[in-house]
Asker: 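What follows is a structure written as structure tokens; I'll ask about it next.
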Protein chains: 2
Amino acid sequence: MSDNSFKKARLDYNIGSIDFNNIIDPIKLFRRWFDEVYQIDKEEAVSMNLSTISSDNYPNSRIVLLRGLEDGFIFYSNYKSQKGREIEKNPKAHINFYWPSLERQVRIKGTINKTSAKVSDKYFLSRPLKSRIGAILSDQSTEIPLDKDLQKELLGEINKNHNKKIERPNHWGGYYLKPSEIEFWQGKDARLHDRLLYKRKNNEWIAKRLSP
Amino acid sequence: MSDNSFKKARLDYNIGSIDFNNIIDPIKLFRRWFDEVYQIDKEEAVSMNLSTISSDNYPNSRIVLLRGLEDGFIFYSNYKSQKGREIEKNPKAHINFYWPSLERQVRIKGTINKTSAKVSDKYFLSRPLKSRIGAILSDQSTEIPLDKDLQKELLGEINKNHNKKIERPNHWGGYYLKPSEIEFWQGKDARLHDRLLYKRKNNEWIAKRLSP
């Protein structure tokens, strides 16, 4: 890593544009953009950076995976994890989808609620056995010994449980972020990016274009 | 986009591990991880999600590009942009590097300061002419007409200025985030990820392993 290595990684954005003459509903536009990147790279499409606010009032962020889009953007987590505790205390949150394959970002501001137990159960049961057992094994974000062998514990639990139904633990489930603002960002030449911001006002979306 | 499409995008993480028997300085570890992803994809290496806190106390995030690593993680911006105004009001911030090529994240908590005018000047002058002109053309994050043709304005300015030296405007420059916590995350099978968290205490880094 040298000073020079940063300069060589100069991103030039030239793939697309936002059609400002044809403003459509932001959820429709999101689905269109999502489908386009999904054709190229499924994993890239569903990966989103979730930002929350920590107990000492710092922003905090990590990648979570989009698992549905109904009343909002749905993802799943351990409710006792650091992010779960942060959301419990302060539901204000932000999601950034970064889709480098198409030089796009979608930035979403909103508040988070838990999905119903029914929705969480349904999703939990659809996960592979090892992921269900993994959810039970991990006391997320707590300190553990350096030499703990989680993969070995996992194998042991899989052997013990492979004929049993693993039910969803109460501390694991879904969240959805209900959007109040959605910004679409399309990278452009010379950093003169296209940006379109939607804000929800009385159940209507108002759009405006932003300077890059 | 269907319910099913989310499930098909199941990420399995199998590439690497964190060596918990050999804890090294986090900046050294960062440089090692950065160099490894840089060999694969320069753009992926320098792209980082920067989270700040908005004036109405929501987290807010967007991609910025790492341009140096000295007293902290350096990036450049318009100081009058929304992120600039947020940082001015509240310097608490968080960076997440997501490197899917190697199934890694590096999450960094810290506070942001401006780089010196000298550092900002040097970087600004190293940028291509069109990016320098772009920085002057854009009144970042303000509303602009839907039909504004920025690329045309850019070409006009390039024609007018191609023999002139374009100096850095006062409202454009560098920031660096000084880290107080750095977490290394390596994706693992069954969501039993490796996580190593460093916290700075009296100029020393204390490391602990976290449950996935």
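Within every chain, numbering begins at 1; the chains are lettered A, B, ... in the order of the sequence lines, protein sequences first and strands thereafter.
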Asker: For A:Ile23, which atoms come within 4.5 Å of any heavy atom of chain B: side chain, backbone, both, or neither?
Answerer: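 Answer is side chain: those atoms of A:Ile23 sit under 4.5 Å from chain B.
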Asker: For the residue pair B:Pro59 and A:Lys92, what are the closest heavy atoms and their distance?
Answerer: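 Closest approach of B:Pro59 to A:Lys92, heavy atoms only: CD-O, 3.5 Å.
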Asker: Show the nearest heavy-atom pair for residues A:Ser138 and B:Ser211, with the distance to one decimal.
Answerer: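 So the minimum-distance heavy-atom pair works out to OG-OG, 3.3 Å.
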Asker: Going by heavy atoms in the side chains, are B:Thr111 and A:Tyr58 under 4.5 Å from each other?
Answerer: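 Counting from C-beta outward, B:Thr111 and A:Tyr58 do come under 4.5 Å.
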Asker: Report which part of A:Lys109 has an atom under 4.5 Å of a heavy atom belonging to chain B: side chain, backbone, both, or neither.
Answerer: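 A:Lys109 touches chain B through side-chain heavy atoms alone.
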Asker: Picking from B:Glu143, B:Lys42, B:Arg127, which has the most non-hydrogen pairs under 4.5 angstrom with chain A?
Answerer: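 Most heavy-atom pairs within the cutoff with chain A belong to B:Glu143.
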Asker: Between A:Asn78 and chain B, with a heavy-atom cut-off of 4.5 Å, which part of the residue counts as in contact: side chain, backbone, both or neither?
Answerer: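 No part of it gets close to chain B.
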Asker: Do A:Arg107 and B:Asn60 make a side-chain contact, defined as non-hydrogen atoms from C-beta onward lying under 4.5 Å apart?
Answerer: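 Of all side-chain heavy-atom pairs linking B:Asn60 with A:Arg107, at least one is under 4.5 Å.
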Asker: Answer yes or no: is there a donor N or O on one side and an acceptor on the other, between the side chain of B:Arg209 and the main chain of A:Lys148, under 3.5 Å?
Answerer: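 Checking the backbone N and O of A:Lys148 against the side chain of B:Arg209, a donor-acceptor pair under 3.5 Å is found.
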Asker: CD1 of B:Ile144 to NZ of A:Lys208: how many Å apart, nearest 0.5 Å?
Answerer: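 Nearest 0.5 Å value for the CD1-NZ distance: 11.5 Å.
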Asker: With a 4.5 angstrom heavy-atom cut-off, which part of A:Ser131 approaches chain B: side chain, backbone, both or neither?
Answerer: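 For A:Ser131, backbone and side chain are both near chain B.
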Asker: Heavy-atom pairs under 4.5 Å with chain A - which of B:Ile133, B:Val46, B:Asp41 has more of them than the others?
Answerer: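 The answer is B:Val46.
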Asker: Looking at B:Ser47 and A:Tyr98, what are the two nearest heavy atoms and their distance?
Answerer: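 Heavy atoms only, the tightest pair is OG-OH, 3.7 Å.
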Asker: Using non-hydrogen atoms and a limit below 4.5 Å, what part of residues 188-201 of chain B faces chain A?
Answerer: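 So far as heavy atoms go, B:Lys188, B:Asp189, B:Ala190, B:Arg191, B:Leu192, B:Arg195 are the residues that approach chain A to under 4.5 Å.
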Asker: State, to 0.1 Å, how close B:Asn49 and A:Asn96 come at their nearest heavy-atom pair, and which atoms those are.
Answerer: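 Taking B:Asn49 first and A:Asn96 second, the nearest heavy atoms are ND2-ND2, 3.0 Å.
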Asker: Only pairs of heavy atoms separated by less than 4.5 Å count here; which of B:Asn21, B:Thr142, B:Ile74, B:Ile18 has the most with chain A?
Answerer: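 Between B:Asn21, B:Thr142, B:Ile74, B:Ile18, the count favours B:Thr142.
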Asker: Using non-hydrogen atoms only, which part of B:Ile63 is less than 4.5 Å away from chain A: side chain, backbone, both, or neither?
Answerer: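 For B:Ile63, heavy atoms of backbone and side chain both lie under 4.5 Å from chain A.
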Asker: For chain A, find which of B:Glu43, B:Glu44, B:Glu183 contributes the most heavy-atom pairs closer than 4.5 angstrom.
Answerer: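 The answer is B:Glu43.
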Asker: For A:Phe20 versus B:Leu146, what's the shortest heavy-atom pair and its separation?
Answerer: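 Shortest heavy-atom contact: CB-O, 3.5 Å.
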Asker: Answer with side chain, backbone, both or neither: which region of A:Asp56 has an atom nearer than 4.5 Å to a non-hydrogen atom of chain B?
Answerer: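 For A:Asp56, the contact with chain B is made by backbone and side chain together.
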Asker: Quick check against the 3.5 Å criterion: does A:Gln105 have a side-chain atom that pairs as donor or acceptor with the backbone of B:Arg62?
Answerer: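 No: the side chain of A:Gln105 does not pair with the backbone of B:Arg62.
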Asker: Do you know which of B:Ala135, B:Gly134, B:Pro212 has the most heavy-atom pairs with chain A at a distance under 4.5 angstrom?
Answerer: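 Answer, by heavy-atom pair count under 4.5 Å with chain A: B:Pro212.
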Asker: Kindly give the heavy-atom pair with the smallest separation between A:Ile53 and B:Asn57, and that separation in Å.
Answerer: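 Here A:Ile53 and B:Asn57 meet closest at CD1-O, 3.3 Å.
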